[in-house]
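Heads up: the structure comes next, in structure tokens.
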2 protein chains.
Amino acid sequence: MKISSVTLHPIAIADPPLRSSYGLHAPFALRTIVEIKSDDGITGFSETYGGDGPLGALEAMKPRLLGMNPFRLAGLFQSLTGSSSDVPGGHSQTWLVPGENPLDLHTRTFAAIEIACLDLIGKAVNQPVCEVIGGRVRDEVCFSAYLFYKHGGGGGIGSDKYDDEYGEVLDPAATVREARQMIKQYGFREIKLKGGVLEPSLEIESIRQLRQAFGEYVPLRIDPNCAWSMDTSVEVGRALQHELSHGGYLEDPCAGLDGMAEARRRLTSDGIHTPFASNVAVTSFPDVVQAAKYDSVQIVLSDPHYWGGMRQLQFLSHLCGTLGMGLSMHSNSHLGISLMAMTHVAAACPNLTYACDTHYPWQSARDEVVEGGRIKFHNGAVAIPDKPGLGISIDWDQLARGRERYEKIPYRKRDDQAEMRQHVDPNWKRVLPRW
Amino acid sequence: MKISSVTLHPIAIADPPLRSSYGLHAPFALRTIVEIKSDDGITGFSETYGGDGPLGALEAMKPRLLGMNPFRLAGLFQSLTGSSSDVPGGHSQTWLVPGENPLDLHTRTFAAIEIACLDLIGKAVNQPVCEVIGGRVRDEVCFSAYLFYKHGGGGGIGSDKYDDEYGEVLDPAATVREARQMIKQYGFREIKLKGGVLEPSLEIESIRQLRQAFGEYVPLRIDPNCAWSMDTSVEVGRALQHELSHGGYLEDPCAGLDGMAEARRRLTSDGIHTPFASNVAVTSFPDVVQAAKYDSVQIVLSDPHYWGGMRQLQFLSHLCGTLGMGLSMHSNSHLGISLMAMTHVAAACPNLTYACDTHYPWQSARDEVVEGGRIKFHNGAVAIPDKPGLGISIDWDQLARGRERYEKIPYRKRDDQAEMRQHVDPNWKRVLPRW
């Protein structure tokens with residue numbers, strides 16, 4: 001079996017004005033749909049970061065992919081990433097978001113190819129992707145309600161302005177309303193709040209009100225993307241010691257493994273054992289080892305899109321298990337192809353200890369490119385479909401609309417700081433720590 | 001696809017009177033050939049430890065395997081080994097050889113099933129097994145000349161007494177002769193000597209004469225299977241500091257990770273950086289972490305047969321790479337099915353830093369069950385065949401002869417100490433450290 005064609009579909013999807021410590025989401029998120037066809041007429045798909053950078057990197061791979069056996073993925077990974085070992089901090093996301101981070105160029109480019117090849121292989125052998133990569137250990141994968149502070153207004157612009165499902169969410173009461181609405185629709189059983197946006201006291205209050213609203217047995221997490229100083233991290237950890245217990249965690253409160261190690265030491269010396277999670281400071285295998293050594297982080301937020309695909313994620317899951325660390329999954333704005341890739345790999349990772357993140361509720365049915373429309377959640381979980389590959393097929397009309405949308409808009413990279421300056425504060429810039 | 005039948009073929013193969021610190025090899029080594037058939041008529045094979053224990057453990061698995069999707073391996077592994085973490089030393093081989101070690105019961109039982117399923121899957125999808133598990137990173141795998149001290153006489157007994165290809169090898173000069181003969185036949189480019197048999201001064205002399213005979217650029221290793229005290233380990237390390245450089249290593253000189261850590265410290269403080277390898281003290285993932293933490297061992301000798309199969313070996317390879325450790329491969333007396341399984345998984349492990357061990361030269365063409373006879377080596381390497389699965393098929397007449405041989409002999413477990421007592425010294429027992 002050989003790869004006979006590679007087609008890249010750059011698309012844009014409406015994205016509401018969500019906030020994080022990186023800034024503000026633009027009215028459109030950019031994605032690339034990868035279509036890989038084999039000489040026996042089978043087609044595999046994946047979804048990855050969009051815009052000029054990711055698209056160009058994939059485009060440049062075409063000559064190497066044409067004629068390649070889609071099973072021979074490890075050799076391609078090795079030739080892309082080199083045999084040299086990474087160093088701790090080598091893929092850091094402290095300043096750059098995934099997809100726009102030159103440090104994860106090779107792993108994210110490979111991941112998009114690998115996942116499309118695995119979809120293709122699954123169809124060729126008539127097995128779901130989770131079986132192709134070693135076999136499922138669960139039939140469904142749980143996701144969290146991923147709450148964001150946001151401005152009023154839906155995604156999109158002009159004639160492509162979308163309805164605002166959730167309204168403005170910039171205080172604790174609105175956060176609870178957003179959670180109720182999202183949980184009612186999707187059945188999520190765990191809650192994560194993207195923080196680093198309001199004054200820490202208001203974010204503490206948001207978490208407290210969420211706990212009052214949903215009771216003490218719904219796990220709660222908060223992720224300020226390292227917006228806090230070490231002192232503030234310790235203060236928030238102290239203030240929320242009860243709220244973040246029962247399966248909760250504190251994610252990337254401050255920057256760097258050293259800072260988190262010190263914040264952790266200070267909290268544990270107070271008898272507070274809230275685990276720390278990270279997808280900002282822990283983005284490569286050497287980071288995991290460092291994080292374990294210094295007890296900086298106890299839970300890694302994996303993501304097949306930038307860790308190098310599904311098999312690298314299985315290595316990560318195994319490594320975390322070996323080092324006694326937990327595992328969850330990070331996400332970015334995405335459609336159903338990514339959701340299914342995340343679900344398949346999560347189903348094949350024995351060491352997955354927390355519900356995964358997903359931005360899926362923030363996207364619109366108007367933009368979904370999966371045939372049959374939006375992927376269904378039951379009680380906050382996505383089931384492995386009884387179909388080969390990722391279990392999805394493409395709605396070609398919808399894909400064409402996504403491409404047209406992409407052509408019409410000026411956005412060609414994700415720049416949350418530029419959006420903040422344009423729409424919220426012309427002088428805004430990312431400052432670490434902000435509080 | 002479902003498993004429709006599981007057939008176990010217990011066989012015996014002649015084995016010469018090889019010595020190690022565990023004792024003496026019996027005239028026959030016991031193996032089990034596993035045959036797994038799917039409901040679409042495809043058959044996969046693997047080879048594993050033989051005798052009552054391994055056979056019984058596999059027999060007990062049959063009800064769970066019948067009707068199982070052969071792709072769903074991770075779930076089976078999880079249900080066998082449990083989700084609880086292992087502890088360091090939990091699979092130790094200090095006293096028990098693989099196959100007779102109750103501590104690795106589950107991982108070795110699973111491995112035999114996994115490898116047969118992967119052979120089956122490879123045939124179903126028309127790909128070599130190395131591609132099924134992620135893709136090759138090399139087209140051939142290098143093995144070492146695995147030298148043993150031995151008594152005169154070939155394997156087998158009575159009418160089944162085999163020719164003695166190598167004669168008695170119980171001194172340095174004979175060791176060099178054995179090496180020349182084996183290298184001439186197989187083309188090996190690296191040399192490993194099983195030690196722990198003669199006085200350390202004679203084993204040191206054997207290594208020195210090997211170096212004189214083959215020059216300083218042929219990597220040399222010695223493995224006394226922890227027969228030495230810490231002091232002796234340090235003395236040998238000092239005596240052989242030049243001989244074991246250039247890709248050499250000192251394998252399991254003394255028992256336990258603590259002992260090796262101390263021996264290593266004493267050698268490095270003398271400026272001697274000969275790496276330590278282990279398959280005795282490092283037999284589980286927690287051992288690897290401990291070994292790295294205390295710098296006890298720098299090279300892990302993996303083995304799919306007892307580490308839990310090919311995918312666990314890939315995890316091990318990745319873990320060693322992440323922790324900056326090297327990887328090679330351990331072996332036991334085996335035929336061509338095992339050799340091809342070792343070759344396929346080694347081809348799919350990017351972090352494989354030393355030639356692999358193999359006992360293959362010690363077995364006879366008379367016993368090979370692979371159709372077409374013995375697997376060919378070129379310059380000490382085995383190539384991935386251009387065939388699906390493991391790339392071998394079964395010579396059913398030869399397999400039947402192996403089963404008949406098994407039925408005729410009294411041996412039902414490996415017991416190297418009993419053989420020593422019967423043939424060499426009635427009072428022999430394994431003592432650690434012996435020197």
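The analysis underlying the following values was restricted to heavy atoms, covering all of them including side chains, and did not include hydrogens, waters or symmetry mates. First the proteins, then the strands, lettered A, B, ... as listed; each starts at 1.
- The minimum heavy-atom distance between B:Ala74 and A:Gly135, with the atom names listed, is CB-O, 3.3 Å.
- Atom NZ of B:Lys293 is surrounded by 12 or fewer heavy atoms from other residues, nucleotides or ligands within 6.0 Å.
- For a heavy-atom cut-off of 4.5 Å, chain B lies close to A:Asn69, A:Phe71, A:Arg72, A:Leu73 in residues 65-73 of chain A.
- Under the salt bridge (Lys or Arg N to Asp or Glu O under 4.0 Å) criterion, A:Arg64 pairs with no residue, sequence neighbours left out.
- Nearest approach of A:Gln78 to B:Pro350, heavy atoms of both residues: NE2-CB, 3.8 Å.
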Please list, one pair per line, the donor and acceptor atoms closer than 3.5 Å that link side chains of residues 318-327 of chain B to other protein atoms, with sequence neighbours excluded.
{"residue": "B:Thr322", "atom": "OG1", "partner": "B:His318", "partner atom": "O", "Å": "3.0"}

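- Counting heavy-atom neighbours within 6.0 Å of A:Asp386 CG, excluding the residue itself, gives a total of 12 or less.
- Proximity to chain A is limited to the side chain of B:Gln312, based on heavy atoms less than 4.5 angstrom apart.
- For A:Asp258, the CG atom sits in a loose shell: 12 or fewer heavy atoms of surrounding residues, nucleotides or ligands are nearer than 6.0 Å.
- Heavy-atom contacts from other residues, nucleotides or ligands closer than 6.0 Å to NZ of A:Lys2 number 12 or fewer.
- Residues B:Gln127 and A:Met1 are in side-chain contact: their nearest non-hydrogen atoms beyond the backbone lie under 4.5 Å apart.
- Heavy-atom proximity under 4.5 angstrom to chain B picks out nothing from residues 103-110 of chain A.
- At a 4.5 Å heavy-atom cutoff, the contact between B:Arg136 and chain A is made by backbone and side-chain atoms alike.
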